[in-house]
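Report on the following structure.
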Amino acid sequence: CASAAEFISVLSFWGPLKADPKSYGEVVLQRLFETKPDSQKLFPKFAALPKEQLQNNPDLQAHGGIVLCKLTEFLQDGGQDKKILKDLAESHAKQHKIPRVYFQIISDVIFEVVVEKIEGFGTDAQTALKNVLKTFQTQMGEFYDELGFDD
Ligand code: MNH
């Protein structure tokens, strides 16, 4: 599990993502769909769209913003309030039916995008980010287990 210091280390570089969640979130979702095309099919809103329509798409930008804001909320909370991820696991398991492996995939994408886009994100902060994303995935997995969602 990531330490409090690791959450703080990540947060010290998170300003640009907090300030512009839509833009970074858009890049994350586009990169997710590129890396793992199956993931696009899990979004009813985006499933049928050809690549060209994922560019400058206000719905995609809006959803990217929602994802990034939730991640910022998790970071700022330092993984303390379990309800944040419990609610997220519940909607993603029961409503959206997202197999847990996709949280691993999006975590790798987030890592890649953050390191690529954020200046000064050094090796220590990179390790901290990896651990924080690992904590996110582990806790999501535990809630998936509690819900009996096996995928
Ligand atoms: Mn996701 C909706 C956050 C990863 C598919 N997601 C939401 C919502 C939030 C959110 C917040 C809106 C509230 C809710 O339904 O709970 N999602 C995240 C975060 C991550 C994430 C913080 C990881 C980081 N989500 C994923 C992944 C997939 C996915 C991975 C699929 C591969 N999410 C969805 C779908 C919706 C959704 C589908 C519903 C979108 C809609 O049509 O409004």
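For reference, positions follow the sequence shown, starting with 1. Atoms within a ligand are numbered from 1 in the order they appear, just like the ligands themselves.
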**Carboxylate-amine/guanidinium contact Asp145 Arg100, below 4.0 Å** = yes
**Prompt:** How are the rings of Phe136 and Phe103 set relative to one another: parallel (under 30°), tilted (30 to 60°) or perpendicular (over 60°)?
**Reply:** perpendicular
**Request:** Flag His96 as yes when one of its N or O atoms lies below 3.5 Å from any N or O atom of ligand 1, and as no otherwise.
**Result:** yes
**Request:** Run the salt-bridge test on Arg31 and Glu26 with the 4.0 Å N-O cut-off and return the result as yes or no.
**Result:** no
**Asked** For ligand 1, which atoms, with element, lie under 4.0 Å from some heavy atom of Ile66?
**Response** 8 (C), 9 (C), 11 (C), 12 (C)
**Item:** atom 30 (C) of ligand 1 - nearest protein heavy atom and its distance
**Value:** Tyr102 O, 3.5 Å
**Fill in**
Quick look: Ile98 vs ligand 1, heavy-atom contacts under 4.0 Å, and the answer is side chain
**Message:** Is it true that Gln104 and Asp108 share a donor-acceptor pair across their side chains at a distance under 3.5 Å?
**Reply:** yes
**Asked** Does the pair Phe43 and Phe33 meet the rule for a ring pair (Phe, Tyr, Trp, His ring centres under 6.0 Å), with working shown?
**Response** CA-CA 10 Å; Phe43 289 84; Phe33 296 166; 5.5 Å; yes
**Residue Phe136 vicinity, atoms of ligand 1 by number, heavy atom under 4.0 Å** = 23 (C), 24 (C)
**Asked** Among side-chain atoms of Asp20 and Ser23, is any donor-acceptor pair under 3.5 angstrom?
**Response** yes
**Item:** Side-chain donor or acceptor of Thr135 paired with backbone N/O of Ala2 under 3.5 Å
**Value:** yes
**Prompt:** Do ligand 1 and Lys45 have nitrogen or oxygen atoms that lie under 3.5 Å from each other?
**Reply:** yes
**Request:** Examine ligand 1 and decide if any of its atoms is less than 4.0 Å from a heavy atom belonging to Phe74.
**Result:** no
**Prompt:** What atoms of ligand 1 come within less than 4.0 Å of a heavy atom belonging to Phe103?
**Reply:** 4 (C), 21 (C)
**Asked** Who's closest to atom 14 (C) of ligand 1 heavy-atom-wise, of Ser107, Ser91, Ala89, Gly65?
**Response** Ser91
**Asked** Heavy atom of Glu90 under 4.0 Å from ligand 1?
**Response** no
**Asked** Given the rule that I, L, V, M, F, W and Y join up when any side-chain heavy atoms are under 4.5 Å apart, are Ile118 and Leu29 in one cluster?
**Response** yes
**Asked** Closest non-hydrogen protein atom to atom 20 (C) of ligand 1, residue and atom name please, with distance?
**Response** Val67 CG1, 3.9 Å
**Fill in**
With heavy atoms and a 4.0 Å threshold, my read on which part of Ile105 contacts ligand 1 is neither
**Asked** Of the protein's non-hydrogen atoms, which lies at the shortest distance from atom 3 (C) of ligand 1, and what is that distance?
**Response** Leu88 CD1, 3.6 Å
**Message:** For the aromatic rings, using the six-membered ring if either is Trp, is the centroid distance between Phe121 and Phe111 under 6.0 Å?
**Reply:** no
**Prompt:** From His92, does some N, O or S atom reach closer than 2.8 Å to atom 1 (Mn) of ligand 1?
**Reply:** yes
**Message:** Does the plane of the ring in His96 sit parallel, tilted or perpendicular to the ring in His92? Use 30° and 60° as the thresholds.
**Reply:** perpendicular
**Asked** Just by modelled atom types, is the Leu54 backbone N or O under 3.5 Å from a matching donor or acceptor in the Gln30 side chain?
**Response** yes
**Message:** Among all protein heavy atoms in this structure, tell me which lies nearest to atom 29 (C) of ligand 1, with the distance rounded to 0.1 Å.
**Reply:** Phe43 CZ, 3.4 Å
**Complete:** Counting heavy atoms under 4.0 Å, the part of His63 that contacts ligand 1 is side chain
**Subset of ligand 1 atoms that lie under 4.0 Å from at least one heavy atom of Leu42** = 32 (C), 38 (C)
